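Everything on this sheet refers to the single structure shown next.
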Amino acid sequence: MSYEYYEILEIDRGADDATIKRAYRKKAMECHPDRHGGDKEKEAMFKRVNEAYATLSDADKRRKYDRTGTPQSDASGGFDASGFDFSDIFESFFSGWFGNSGRSRRERGSDRETMVEVTFAESISGTKKTITYGRTMRCQHCAGSGAETPSDAVTCPDCHGRWRVKRRMQTIFGTMEQDTVCPTCEGRGKKITKACHVCRGRGLEDVKLEKTVDIPAGIDNGMSMKIAGEGDETLSGSAGDLYIHIEVGAAPSGLEREDVNLRYHLDCHPIELTLGIRKTVKIPVVGEREIDLAAGTQPGTILRFTGDGVASLSKSRRGDLFVEIAVRIPEKISKKERELYESLAAEAKIEHRSGSLFSKIFE
Ligand SMILES: [Zn+2]
Ligand SMILES: [Zn+2]
């Protein structure tokens, strides 16, 4: 058995649900057909990725798959995706990602991609970022006609300005008629007698643009935002979309993000845990929180601050903040402290290594 579903998603056999979901999202984005203008190989790969995810994301199907190495089939022997909702992967934020598949690719321009870096704090609070990106747009000078002036374009003699011509093809099913872009005017409906000097008759120009976008609070590393219609424009139809891939910087020391929750490791002095404390702690990104520990609190104790985590992009509820209590032993202590520790050790009858070399010499 090959267990190739794991290979398709490039994950280990023991991967947990979050890892599977992340791997799926990454792979699905990589080979989504909308981003490859109908590339057959990518389309086939995309199907395999969905297949793999449909099985591995369902505990029951995965167990069976792990046992047999073959996916659960429906009655017709085909792939069983019943009851599987792909849309649950992409938060409402990403809506439309799967909605484009049915659209005619001939009329739609290509998608564009760009990357934006945000700091960890910005990913939690949300921010505005100015992005730069390139796209192909209809030429400003000729408005996409490709002609220097409107009188330099005449109606195309082959398609009579209808942009498309019908083409007959012989197939095994008989003669089929298909609409195809007019080869004479390349779908413009006009024949150019004098080409536009800006785009040299292409009707399109490549531009660099800047745009300020809202990055929503709670965005995570590896997520992508779609800005509809900011991809490449075509002469005859609608524009593709712009995808902004988000890269989040490292979290401040001691702080970690776990989905919508935050975890902070709070180092305490042994005396603080022994005697108990109530103090205000400044937690990076989050802000100040009052920490109240009873005498004898053990390392590993976790304090929960409900709703102090990260905003969820799909749910209304925020995650929580968990403060995990750790002990930090002082590496250097003063002579006075040392004496106090030693008398404490004597009182508590704790055996310890005898004093430093110096104290021995001067004894
Ligand atoms: Zn032009
Ligand atoms: Zn034509």
Side-chain angles (χ1 to χ4, degrees), residues 32-43 96-97 99-116 129-214 224-245:
H32 193 277
D34 273 2
R35 311 174 81 197
H36 297 284
D39 181 326
K40 288 283 169 247
E41 217 167 281
K42 295 278 187 195
E43 207 169 302
W97 187 283
N100 295 329
S101 309
R103 208 180 284 173
S104 162
R105 293 186 215 294
R106 196 164 52 216
E107 292 181 357
R108 192 171 171 276
S110 308
D111 292 333
R112 285 293 189 120
E113 296 173 88
T114 186
M115 205 267 291
V116 66
K129 284 279 166 185
T130 301
I131 53 160
T132 53
Y133 60 104
R135 67 182 294 217
T136 301
M137 290 182 80
R138 254 170 283 202
C139 171
Q140 300 259 317
H141 181 73
C142 63
S145 74
E148 183 59 27
T149 66
S151 60
D152 293 321
V154 295
T155 303
C156 172
D158 287 340
C159 64
H160 308 288
R162 291 195 349 258
W163 301 2
R164 287 173 191 172
V165 288
K166 288 208 185 298
R167 198 174 59 173
R168 277 168 197 277
M169 290 188 307
Q170 294 300 323
T171 73
I172 51 166
F173 305 110
T175 307
M176 290 180 85
E177 214 169 53
Q178 199 189 29
D179 265 349
T180 178
V181 175
C182 170
T184 309
C185 62
E186 291 174 329
R188 285 175 204 181
K190 300 269 187 191
K191 205 177 151 195
I192 311 299
T193 51
K194 189 183 177 204
C196 164
H197 76 280
V198 176
C199 64
R200 294 166 197 271
R202 194 178 150 222
L204 299 168
E205 54 182 344
D206 298 318
V207 292
K208 281 254 174 282
L209 295 171
E210 245 187 38
K211 194 181 186 69
T212 302
V213 290
D214 281 313
S224 298
M225 291 168 60
K226 180 174 106 171
I227 302 189
E230 282 298 311
D232 288 343
E233 270 183 353
T234 58
L235 289 174
S236 57
S238 60
D241 302 321
L242 172 69
Y243 288 90
I244 304 171
H245 303 302

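First listed ligand is number 1; within each ligand, the first listed atom is number 1. Heads up: numbering here begins at 1 and tracks the sequence. Since we're looking at a predicted model, the values are computed, not measured.
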Can you give me every donor-acceptor pair (side chain of residues 145-158, partner residue at least two apart or in another chain, under 3.5 Å) with its distance?
residue	atom	partner	partner atom	Å
Ser145	OG	Cys142	O	3.0
Ser145	OG	Ala147	N	3.1
Glu148	OE1	His197	N	2.8
Glu148	OE1	His197	ND1	3.1
Glu148	OE2	His141	NE2	3.1
Glu148	OE2	His197	ND1	3.1
Thr149	OG1	Ser151	OG	3.1
Thr149	OG1	Asp152	OD2	2.8
Asp152	OD2	Thr149	N	3.0
Asp158	OD2	Thr184	OG1	2.2

Indicate the atoms forming the closest heavy-atom contact of Gly229 with Asp241, along with that distance. N-OD1, 2.9 Å
So that I can check it, does any N, O or S atom in His197 come closer than 2.8 Å to the Zn ion (ligand 1)? no
Do any of the N, O or S atoms of Cys139 sit under 2.8 Å from the Zn ion (ligand 1)? yes
Side chains of Arg135 and Val207 in contact at under 4.5 Å (non-hydrogen atoms): yes
Quick check: do Glu210 and Ile131 have side-chain heavy atoms less than 4.5 Å from each other? no
How wide is the angle at the Zn ion (ligand 2) between SG in Cys182 and SG in Cys156, to the nearest 10°? 120°
Counting backbone and side-chain atoms alike, is an N, O or S atom of Cys159 positioned under 2.8 Å from the Zn ion (ligand 2)? yes
